[in-house]
There are 2 protein chains.
Amino acid sequence: MPDTPDTTQMPYQLPFPSDALPEIVISKAIPEDERIWVPQAENVWFRPLCLNRSQGYWVNLLRVRRSGVLSRHRHPQAVHGFVLRGRWHYLEHDWTAEEGSYVYEAPGETHTLVVPEDVKEMITLFQVNGVMCYVDPWGKVTGYEDVFTKIDMCGKHYADVGLGMEFVDSFIR
Amino acid sequence: MPDTPDTTQMPYQLPFPSDALPEIVISKAIPEDERIWVPQAENVWFRPLCLNRSQGYWVNLLRVRRSGVLSRHRHPQAVHGFVLRGRWHYLEHDWTAEEGSYVYEAPGETHTLVVPEDVKEMITLFQVNGVMCYVDPWGKVTGYEDVFTKIDMCGKHYADVGLGMEFVDSFIR
């Protein structure tokens with residue numbers, strides 16, 4: 001707490017702690033540069049916003065085109081989603097998430113995301129905590145993704161497309 | 001893990017754990033019913049989406065109209081913001097968040113949110129973790145908000161406007 005704030009400066013601004021991390025500000029989360037989208041599967045891409053290695057979660061946009069499917073996976077931690085474009089549903093639920101919908105997915109869910117054929121493109125803001133475990137129809141784990149696999153995918157892709165591997169660093173906290 | 005999945009049911013859906021919480025699905029996060037907005041200060045409202053009492057955070061839409069100001073406050077934990085409508089800035093930063101912008105605010109920030117006079121309305125999706133501490137120009141705490149003050153504000157407001165205090169329960173996890 002400063003002893004003598006310079007209140008002649010109006011409004012007075014409190015300093016940030018010297019150990020604080022910098023903020024991330026991305027003016028256009030849906031990017032104009034197609035190279036920023038990282039391919040993840042056929043017709044599926046993600047765009048990193050925050051890759052949080054100190055708490056083990058990631059915030060990204062997920063883009064799916066032309067009746068794409070995101071393979072069956074289980075979440076041991078919560079997921080938050082906000083649909084920016086298009087429409088999708090989970091095979092395991094009877095509701096549909098539409099543009100402007102918010103979804104909280106509780107820990108313990110195993111689900112399969114499907115974009116219907118009449119939707120050309122869906123883009124959803126997702127915060128995924130911890131890990132997603134890909135599973136077979138018996139629930140056996142066949143693979144996983146976490147913030148570190150995401151960082152690796154971004155780094156490789158950005159090196160390939162000429163943005164440079166270090167482009168991913170701006171999203172890491 | 002089920003021993004004998006009924007794979008004649010196509011596609012086979014894995015059951016959720018019996019202890020799992022239900023999901024939250026809100027088709028129109030920006031509500032048509034004005035009563036869902038909870039007044040917070042002059043020209044400032046919030047709309048709860050997830051009030052997470054087990055982890056101590058909340059996800060909400062913040063709506064500010066006509067050059068509103070959100071009093072100076074400090075965040076000891078991260079905040080994620082995604083602007084759905086309008087434009088705003090912090091007195092303490094030189095950037096502006098616009099429609100479609102994503103912002104990660106690092107733990108340790110003290111800031112004051114301002115909506116400029118030419119913006120009739122801004123709506124931003126915010127995830128706030130832990131607590132916000134309102135502070136005076138010397139950094140001394142003058143008040144706070146956490147998921148429990150939010151739950152109380154919602155309950156009182158929904159009782160007042162005829163939705164019933166229990167309306168808030170659907171957002172609590």
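Below, chains carry the letters A, B, ... as their sequence lines are ordered, and counting in each starts from 1.
The hydrophobic clustering, which links ILVMFWY residues whose side-chain heavy atoms are closer than 4.5 Å, places B/Y57 and B/F148 together. Cluster membership check: A/W95 shares its hydrophobic cluster with B/F171, using side-chain heavy-atom separations under 4.5 Å among Ile, Leu, Val, Met, Phe, Trp and Tyr.
Among all heavy-atom pairs drawn from B/P17 and A/G108, the shortest one is CD-O, 3.0 Å. For the pair B/S101 and A/S27, the tightest heavy-atom approach, listed with the atom from each and the gap, is OG-O, 2.8 Å. Contact record, B/V135 with A/L14: CG2-CD1, 3.8 Å, taken as the closest heavy-atom pair.
Among residues 74-86 of chain B, the residues having any heavy atom closer than 4.5 Å to a heavy atom of chain A are, in sequence order, B/R74, B/A78, B/H80, B/F82, B/L84. Applying a 4.5 Å heavy-atom cutoff, the residues of residues 18-26 of chain A that approach chain B are A/A20, A/L21, A/P22, A/E23, A/I24, A/V25, A/I26. Residues of residues 126-134 of chain A lying within less than 4.5 angstrom of chain B, judged on heavy atoms, are A/Q127 in numerical order.
Atom CD of B/E117 is surrounded by 12 or fewer heavy atoms from other residues, nucleotides or ligands within 6.0 Å. Residue B/Y144 places its OH atom among 12 or fewer non-hydrogen atoms of other residues, nucleotides or ligands, all under 6.0 Å distant.
B/F16 has its ring centre no less than 6.0 Å from the ring centre of A/H111.
Here A/H93 is the residue among A/E99, A/H93, A/Q55 with the most heavy-atom pairs under 4.5 Å with chain B.
Contact of B/L125 with chain A is made through the side chain alone, with heavy-atom distances under 4.5 Å. Neither the backbone nor the side chain of B/A97 comes within contact range of chain A; no heavy atom of the residue lies under 4.5 Å from a heavy atom of that chain.
Partners of B/E32 by salt bridge (charged side-chain N to carboxylate O under 4.0 Å, His left out), not counting sequence neighbours, listed by chain and number: B/K28.
Between A/V59 and B/Y104, every side-chain heavy-atom pair lies at or beyond the 4.5 Å cut-off.
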